[in-house]
Novice: 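Structure incoming, see below.
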2 protein chains.
Amino acid sequence: MNITRAWEILKENGFKKTDKRELILTMFGETEKYLTARDLLSVLKKDFPGMSYDTIYRNLSTFVDLGILEETELNGERNFRMQCESEHHHHHFICMECGNVKEIEICPMEMLSERLPGYEVESHKFEIYGKCSSCA
Amino acid sequence: MNITRAWEILKENGFKKTDKRELILTMFGETEKYLTARDLLSVLKKDFPGMSYDTIYRNLSTFVDLGILEETELNGERNFRMQCESEHHHHHFICMECGNVKEIEICPMEMLSERLPGYEVESHKFEIYGKCSSCA
DNA sequence: AATGTAAATCGTAATGATTATGAATTAGAA
DNA sequence: TTCTAATTCATAATCATTACGATTTACATT
């Protein structure tokens, strides 16, 4: 996902172009790591001292709903990052040291669905945590 | 994990036998579902009106540390349940309707470690959510 | 059984993340 | 330029969780 595409999606869904959204998207565009609401606010405060959590969280929710961002929970905090370009379903290795994310191409559900007769699978979560090659 | 074994572990580690712990363990012993701190308190308040979250959370942490309970995060809340008897590593299907839990014997990490050269895997999370056969 | 002491609990307050609200501002269409 | 709904601001409320000092309790020891 790139910023241009993000704006397209926003426009298609009737959302307006604001300087706050611009900055938030820019921040996500510049990193592949997961960011928290706090991460964003601490940076955005510099340009917009009046910026409030309301603005952050409201936009994060919008972006997740529109598939611009993806979300996960780490240490009891919601974390967000740009939705992956990869068109195919995949999972993540997350480095707990530097925050870098590596895509895992394999999905365990492929070989598992047949093992759950009668069960209706709605979603699943598969994430690996550890140290990336640079941090290890 | 049964309650008798839980008390053994507590005793081994120098923890005392209290009526609060007794009730908490009983609640977990009666269900295979995940419970939240709120779930516990709402029931325990009946027997101990003065019971506080401090007591609940302190004991939940203790139990998790000792391997008596296992923990997961669902909808932004910490959820706990009796640690599975199964001696071998496994994962869970969790029914979002009734809360029932089914053990998944397969672990995706087995066939994945070799695909992460240089990466140091510390932990992983694999959970499946949906409706169990009764609820589907 | 009485005593001593560390552990556990109580009552309550603090914290941290997230959500909500009403007033003021602004983007973008008309 | 004007209008209006969307957005933001400023602030407060909520919810889950953690912390703290005072009190009580389990249980080992005498």
Side-chain angles (χ1 to χ4, degrees), chain A residues 3 6-27 34-66 68-81, chain B residues 3 6-27 34-66 68-81:
Chain A
I3 297 183
W7 280 121
E8 280 173 28
I9 296 173
L10 283 164
K11 184 147 216 176
E12 284 165 18
N13 290 86
F15 289 94
K16 296 181 174 172
K17 186 164 193 166
T18 71
D19 42 6
K20 315 294 147 46
R21 287 192 174 133
E22 190 110 47
L23 255 182
I24 294 174
L25 286 176
T26 303
M27 277 192 67
Y34 279 95
L35 302 175
T36 65
R38 233 177 40 259
D39 293 335
L40 293 165
L41 191 63
S42 67
V43 172
L44 302 190
K45 276 264 186 189
K46 289 168 191 157
D47 291 298
F48 301 100
M51 178 83 106
S52 78
Y53 272 116
D54 176 79
T55 302
I56 302 277
Y57 279 111
R58 188 168 21 74
N59 283 308
L60 288 175
S61 296
T62 301
F63 295 164
V64 170
D65 288 346
L66 295 176
I68 293 169
L69 296 181
E70 55 191 335
E71 181 183 358
T72 194
E73 186 271 334
L74 299 173
N75 320 308
E77 257 183 304
R78 290 166 73 191
N79 281 251
F80 305 85
R81 56 164 260 154
Chain B
I3 297 183
W7 279 121
E8 280 174 29
I9 296 173
L10 283 164
K11 183 146 217 176
E12 284 166 17
N13 291 85
F15 289 93
K16 296 180 176 174
K17 185 164 194 167
T18 71
D19 42 6
K20 314 293 147 47
R21 288 192 175 134
E22 188 110 49
L23 254 181
I24 294 175
L25 286 175
T26 303
M27 277 193 69
Y34 279 95
L35 303 176
T36 64
R38 233 178 40 258
D39 293 336
L40 293 164
L41 191 63
S42 67
V43 172
L44 302 189
K45 275 263 184 190
K46 290 168 191 157
D47 290 298
F48 301 101
M51 177 83 104
S52 78
Y53 272 116
D54 178 77
T55 302
I56 301 277
Y57 279 110
R58 187 168 21 75
N59 281 309
L60 288 176
S61 296
T62 301
F63 294 164
V64 170
D65 289 347
L66 296 176
I68 293 169
L69 296 181
E70 54 191 336
E71 181 183 359
T72 194
E73 187 271 334
L74 298 172
N75 320 309
E77 258 183 304
R78 289 167 73 190
N79 281 251
F80 305 84
R81 57 164 260 154

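Each chain gets a letter, A, B and so on, in the order its sequence line appears, and its residues count up from 1. What's counted below: heavy atoms across the whole structure, side chains too, no hydrogens, waters or symmetry copies. Keep in mind that this is a model prediction, so the values were computed, not measured.
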Novice: The criterion is salt bridge (charged side-chain N to carboxylate O under 4.0 Å, His left out); which residues satisfy it with B:Glu73, sequence neighbours excluded?
Specialist: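 Expected list: none.
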Novice: Mind calculating the distance between CG (A:Asp39) and P (C:dG16) to the nearest angstrom?
Specialist: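 Rounded to whole Å, this separation is 15 Å.
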Novice: Is any side-chain heavy atom of B:Leu35 closer than 4.5 Å to a side-chain heavy atom of B:Phe80?
Specialist: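 Heavy-atom side-chain distance check fails, nothing below 4.5 Å.
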Novice: Would you mind reading off the distance between A:Lys45 atom NZ and D:dT8 atom P, rounded to a whole angstrom?
Specialist: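 My rounded result for the distance is 15 Å.
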Novice: A:Met51 has an atom CE; how far is it from atom C1' of D:dA10, in whole Å?
Specialist: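 About 14 Å, once rounded to whole Å.
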Novice: Please list every donor-acceptor pair under 3.5 Å in which a side-chain atom of residues 36-53 of chain B meets a protein atom from a residue at least two apart or in another chain.
Specialist:
| residue | atom | partner | partner atom | Å |
| --- | --- | --- | --- | --- |
| B:Thr36 | OG1 | B:Arg38 | N | 3.4 |
| B:Thr36 | OG1 | B:Asp39 | N | 3.1 |
| B:Thr36 | OG1 | B:Asp39 | OD1 | 3.4 |
| B:Thr36 | OG1 | B:Asp39 | OD2 | 3.2 |
| B:Arg38 | NH1 | B:Glu77 | OE2 | 2.2 |
| B:Asp39 | OD2 | B:Thr36 | N | 2.8 |
| B:Ser42 | OG | B:Arg38 | O | 3.4 |
| B:Ser42 | OG | B:Asp39 | O | 2.9 |
| B:Lys45 | NZ | B:Pro49 | O | 3.4 |
| B:Ser52 | OG | B:Asp54 | N | 3.3 |

Novice: Counting only pairs under 3.5 Å, give me each side-chain donor-acceptor contact of residues 8-18 of chain A, with atom names and distances, residues two or more places apart or in other chains.
Specialist:
| residue | atom | partner | partner atom | Å |
| --- | --- | --- | --- | --- |
| A:Glu8 | OE1 | A:Arg5 | NH1 | 2.8 |
| A:Thr18 | OG1 | A:Arg21 | N | 3.1 |

Novice: Name every residue in residues 10-17 of chain B that has at least one heavy atom under 4.0 Å from any atom of DNA chain D, in order of residue number, or write none if there are no such residues.
Specialist: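 Going residue by residue through residues 10-17 of chain B, the ones with a heavy atom under 4.0 Å of DNA chain D turn out to be B:Lys16, B:Lys17.
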Novice: Using only side-chain N and O atoms of B:Thr18, determine if any of them is under 4.0 Å from OP1 or OP2 of C:dT9.
Specialist: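 Yes, within the criterion.
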Novice: For A:Arg58, answer base if it contacts any base atom (sugar-phosphate contacts may also be present), sugar-phosphate if it contacts only those atoms, and nothing otherwise; contact means non-hydrogen atoms under 4.0 Å.
Specialist: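 Touches a base.
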Novice: Spell out protein contact along nucleotides 17-24 of chain D as letters: B when the base is contacted, S when just the sugar-phosphate is, - when no protein heavy atom is under 4.0 Å; keep the 5' to 3' order.
Specialist: BBBB----
Novice: Any side-chain N or O of A:Lys20 under 4.0 Å from OP1/OP2 of C:dT26?
Specialist: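 So the side-chain polar atoms of A:Lys20 never come under 4.0 Å of the phosphate oxygens OP1 or OP2 of C:dT26.
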Novice: Grab the CG-P distance between A:Leu40 and D:dT8 for me, whole Å please.
Specialist: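 In whole Å, D:dT8 P and A:Leu40 CG are 13 Å from each other.
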Novice: Are the side chains of B:Glu71 and B:Tyr34 in contact, using a 4.5 Å heavy-atom criterion?
Specialist: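 Counting from C-beta outward, B:Tyr34 and B:Glu71 never come under 4.5 Å.
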Novice: What's the CG-P distance between A:Asn59 and C:dT19, to the nearest Å?
Specialist: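 The answer, rounded to whole Å, is 13 Å.
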Novice: Expected output is a numbered-order residue list: members of residues 68-75 of chain A with a heavy atom under 4.0 Å from any atom of DNA chain D. What is it?
Specialist: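 DNA chain D contact set from residues 68-75 of chain A: none.
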Novice: Mind calculating the distance between CG (B:Leu23) and P (C:dA8) to the nearest angstrom?
Specialist: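 To the nearest whole Å, that distance equals 17 Å.
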Novice: For D:dT7, does either OP1 or OP2 sit under 4.0 Å from a side-chain N or O belonging to A:Thr55?
Specialist: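 So the side chain of A:Thr55 is outside the cut-off, no N or O lying under 4.0 Å from OP1 or OP2 of D:dT7.
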Novice: Given atom CD1 of A:Ile56 and atom C1' of D:dC9, what is their separation to the nearest angstrom?
Specialist: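 Atom CD1 in A:Ile56 sits about 13 Å away from atom C1' in D:dC9.
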